[in-house]
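In what follows, a structure is listed as structure tokens, so that the remarks can point back to it.
Position 1 is the first residue of the sequence; numbering continues from there. Order of appearance sets the numbers: ligands from 1, and atoms from 1 within every ligand.
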Amino acid sequence: MTIYPIKSICCIGAGYVGGPTMAVIADRCPHIEVTVVDLNEERIAAWNDSDLNQLPVYEPGLDDVVARARGRNLYFSTAVDESIASADMVFISVNTPTKKKGVGAGQASDLRWVEACARQVAQWAKGHTVVVEKSTLPVRTAAAIKAILDTAKSKSDNAEPLSTFSVLSNPEFLAEGTAIRDLEQPDRVLIGGNDKDAIEALATIYSHWVPNRKILRTKLWSSELSKLTANAFLAQRISSINSVAALCEATGADVREVALAIGTDSRIGPKFLDAGPGFGGSCFQKDILNLVYLSRHFGLSEVASYWEQVVELNNWQQNRISALLVQRLFGTVTGKRLAILGFAFKANTNDTRESPAIRISLDLLEEGAQLAIHDPKVASTQIALALGKAPSSSSSEIKGEGSWCFATTVAEALQGADAVLILTEWDEYLTLDWSSLAGLMRAPAWVFDTRSVVNPVEISEAGLIMWRLGEGSD
Ligand code: NAD
Ligand code: UGA
């Protein structure tokens with residue numbers, strides 16, 4: 001029995017992390033009331049939509065979890081203050097993007113939303129509240145949060161403090177597209193803190209479905225740093241294999257064979273060795289840049305440069321793909337129709353944040369290409385936002401300006417195209433009938449596969465010219 005029994009939870013931030021994480025906690029702990037709050041009314045309305053296809057986050061299995069818990073002990077609301085006031089535990093799960101201006105611009109995390117949450121909790125919390133950092137944060141942020149929370153005491157007219165707080169770090173390791181599986185069967189749950197009772201209160205919640213040996217208890221700072229480090233290590237593997245992919249193309253080796261050969265070494269392991277168009281997603285780049293900023297801040301410039309290179313290689317990889325495509329298409333794509341298959345940063349998500357498709361599409365638009373973009377889960381409006389450019393129905397071919405349109409099917413995207421560029425590994429792209437699709441394209445037509453999803457034999461039998469990332473010729 002913990003000395004802080006948790007009967008109600010408030011989670012601030014109903015995004016990709018807050019929504020699914022709280023849905024799983026509510027599902028597994030029917031005795032706890034879980035309220036997810038957000039300032040964004042539209043987002044909360046979507047979480048409350050009776051049509052589960054309208055949930056703001058697309059994750060396989062999320063609809064079932066929400067269907068079981070919503071209205072029973074899982075609620076989505078914009079009533080932030082009231083929800084904080086009635087909670088025994090408050091999760092902070094708001095966005096922590098890279099700062100755009102001021103000190104640390106381009107590298108440090110922008111903590112304004114986290115600070116706003118801490119101030120709101122300080123103002124509205126009652127009794128003893130366990131505050132949990134779920135957002136990914138720079139090391140020692142918990143100290144800043146605690147300092148803000150402790151101002152709540154000074155507002156009391158009585159000698160007794162109005163409210164007291166324990167701060168924990170409980171970073172989230174879920175990956176988009178597999179969020180529900182990752183939450184239900186995590187490799188580990190990490191809880192950092194100084195207050196053992198608060199740690200046990202949170203551990204008790206997870207113990208309803210996570211074996212105790214997988215619940216790691218650490219110092220606050222170790223927990224905060226572990227999250228940044230885990231993402232840096234994962235991203236580093238991708239940049240490493242992408243660098244080798246380029247070397248494979250130059251030397252006649254094949255990166256899939258190299259990945260298999262090194263991945264069977266149990267010390268290296270097979271995961272995160274898929275070469276591709278570069279890593280995307282809202283976190284890898286931001287978290288590494290944060291690590292770079294922290295390292296420089298502590299005078300460790302060699303450490304900073306080491307990690308910075310992982311991001312630089314990733315940028316280079318994206319630019320390399322667009323440049324290579326232009327070069328293969330006789331040095332120009334001006335006025336040429338190019339089909340882009342996949343705009344999400346990975347399969348099984350509708351998230352396009354930092355997707356390699358953005359930079360690559362922008363490069364090709366700059367070259368004057370006419371892009372026809374298909375993605376099974378990303379809407380045209382979202383692509384327009386990401387590219388900062390509305391879709392065009394009229395042809396800008398004459399002026400030589402790049403333009404893009406949304407294609408609702410793969411066949412529509414390929415109609416009249418000179419090349420197909422596959423950027424996301426959606427299942428649907430694994431089983432395309434190239435023998436019939438080839439006829440829709442303008443010869444000589446190319447398939448550029450950056451995700452190793454198509455069968456090269458089928459492509460050549462369909463009369464198309466194939467380029468595969470990381471495959472060199474003899
Ligand atoms: P998100 O942008 O999808 O959601 C954040 C939400 O917080 C938004 O809906 C925003 O309106 C809300 N918000 C901001 N300030 C608020 C306030 N003061 N009051 C109420 N609501 C507020 O972000 P996300 O992808 O869920 O990421 C959240 C955190 O989790 C980040 O630190 C991120 O690094 C980390 N993380 C993300 C992932 C992922 O897969 N996306 C995985 C692990 C960790
Ligand atoms: C990543 C981590 O995997 C999570 O553990 C972490 O919680 C999360 O970041 C976060 O902090 O936000 P996510 O970005 O959702 O999760 O997805 P990943 O599966 O890690 O993929 C990231 C990018 O790397 C994608 O663009 C993906 O296509 C690419 N990738 C991944 C490769 O190019 N090759 C690989 O072998 C693996």
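- Remark: Trp404 engages no residue in a ring pair (Phe, Tyr, Trp, His ring centres under 6.0 Å) (not counting sequence neighbours).
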Could you go through the side-chain contact (heavy atoms from CB on, under 4.5 Å) check for Leu137 and Leu111 one step at a time?
CA-CA 8 Å; Leu137 296 168; Leu111 296 179; 3.7 Å; yes
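- Looking from atom 29 (C) of ligand 2 to the surrounding protein, the closest heavy atom is Ile238 CD1, 3.8 Å.
- At under 3.5 Å, not a single nitrogen or oxygen of Ala275, backbone or side chain, sits near a nitrogen or oxygen of ligand 2.
- A 6.0 Å sphere centred on CD of Glu184 holds more than 12 heavy atoms belonging to other residues, nucleotides or ligands.
- Nearest protein heavy-atom neighbour of atom 35 (C) of ligand 1: Thr136 OG1, 3.5 Å.
- Checked against a 3.5 angstrom limit, the closest N/O atoms of Val17 and ligand 1 fall inside it.
- The closest protein non-hydrogen atom to atom 5 (O) of ligand 2 is Phe173 O, 2.7 Å.
- For atom 34 (O) of ligand 1, the nearest non-hydrogen atom of the protein is Lys286 NZ, 2.6 Å.
- By the 4.0 Å N-to-carboxylate-O rule, Glu308 lies close enough to Arg296 to be salt-bridged with it.
- Taking only nitrogen or oxygen atoms, main chain and side chain alike, Glu176 reaches within less than 3.5 Å of ligand 1.
- With a 4.0 Å cut-off on non-hydrogen atoms, Asn231 touches ligand 2 through its side chain and not its backbone.
- For atom 12 (O) of ligand 2, the closest non-hydrogen atom on the protein side is Cys283 SG, 2.7 Å.
- Residue Lys134 places no N or O, backbone or side chain, under 3.5 Å from any N or O of ligand 1.
- Checking only distances, Arg43 does come within under 3.5 Å of ligand 1, N or O to N or O.
- Considering backbone and side-chain atoms alike, Asp274 places an N or O below 3.5 Å from some N or O of ligand 2.
- Between Arg68 and Asp27 there is a salt bridge, since at least one side-chain N of the basic residue sits less than 4.0 Å from a carboxylate O of the acidic one.
- With respect to Gln236, the side-chain contact (heavy atoms from CB on, under 4.5 Å) criterion is satisfied by exactly one of Ile241, Val310, Ile288: Val310.
- Taking only nitrogen or oxygen atoms, main chain and side chain alike, Gly280 reaches within less than 3.5 Å of ligand 2.
- Close approach of ligand 1 to Leu39 (heavy-atom distance below 4.0 Å) involves ligand atoms 16 (C), 17 (C), 18 (N), 19 (N), 20 (C), 21 (N).
- At a 3.5 angstrom cut-off on N or O pairs, Thr96 counts as close to ligand 1.
- For atom 25 (O) of ligand 1, the nearest non-hydrogen atom of the protein is Arg353 NH2, 3.0 Å.
- Taking each of Glu172, Lys227, Lys271, Lys346 in turn, the one with a heavy atom nearest to atom 11 (O) of ligand 2 proves to be Lys227.
- Phe284 CE2, 3.6 Å is the protein heavy atom nearest to atom 9 (O) of ligand 2.
- Judged by distance alone, with hydrogens and angles left aside, the side-chain atoms of Ser222 form no donor-acceptor pair with the main-chain N or O of Thr218 at under 3.5 Å.
- Paired with Leu291 under the rule side-chain contact (heavy atoms from CB on, under 4.5 Å), one option of Leu225, Val139, Asn231 passes, and it is Leu225.
- Among all non-hydrogen protein atoms, the one lying nearest atom 15 (O) of ligand 2 is Glu176 N, 2.7 Å.
- In terms of polar-atom proximity, Gly276 is not counted as a contact of ligand 2, lacking any N or O under 3.5 Å from an N or O of the ligand.
- Summary of contacts: the protein heavy atom closest to atom 8 (C) of ligand 2 is Leu174 O, 3.5 Å.
- Proximity of Thr136 to ligand 2 is not established, as no heavy-atom distance is less than 4.0 Å.
- Each of Ile422, Leu430, Leu341, Val420 was evaluated against Val454; a single residue qualifies, Ile422, per the side-chain contact (heavy atoms from CB on, under 4.5 Å) test.
- The shortest contact between atom 28 (O) of ligand 2 and any protein heavy atom is with Arg451 NH1, 2.7 Å.
- Inclusion of Ser93 in the set of residues having an N or O under 3.5 Å from an N or O of ligand 1 is not warranted.
- When heavy-atom distances to ligand 2 are checked against a 4.0 Å cut-off, Leu273 comes that close only through its backbone atoms N, CA, C and O.
- Annotation: atom 11 (O) of ligand 1 to nearest protein heavy atom, Asp38 OD1, 2.6 Å.
- Short contacts between ligand 1 and Ser135, defined as distances under 4.0 Å to a heavy atom of the residue, involve ligand atoms 29 (C), 30 (O), 32 (O).
- Polar contact with ligand 2: absent for Pro356 (N/O pair, distance under 3.5 Å).
- Protein heavy atom nearest atom 14 (O) of ligand 2, with residue, atom name and distance: Phe345 CE1, 3.5 Å.
- Using a 4.0 Å cut-off between a side-chain N of Lys or Arg and a carboxylate O of Asp or Glu, Arg320 and Glu249 qualify as a salt bridge.
- Closest to atom 15 (N) of ligand 1, if we only count protein heavy atoms, is Trp113 CD1, 3.3 Å.
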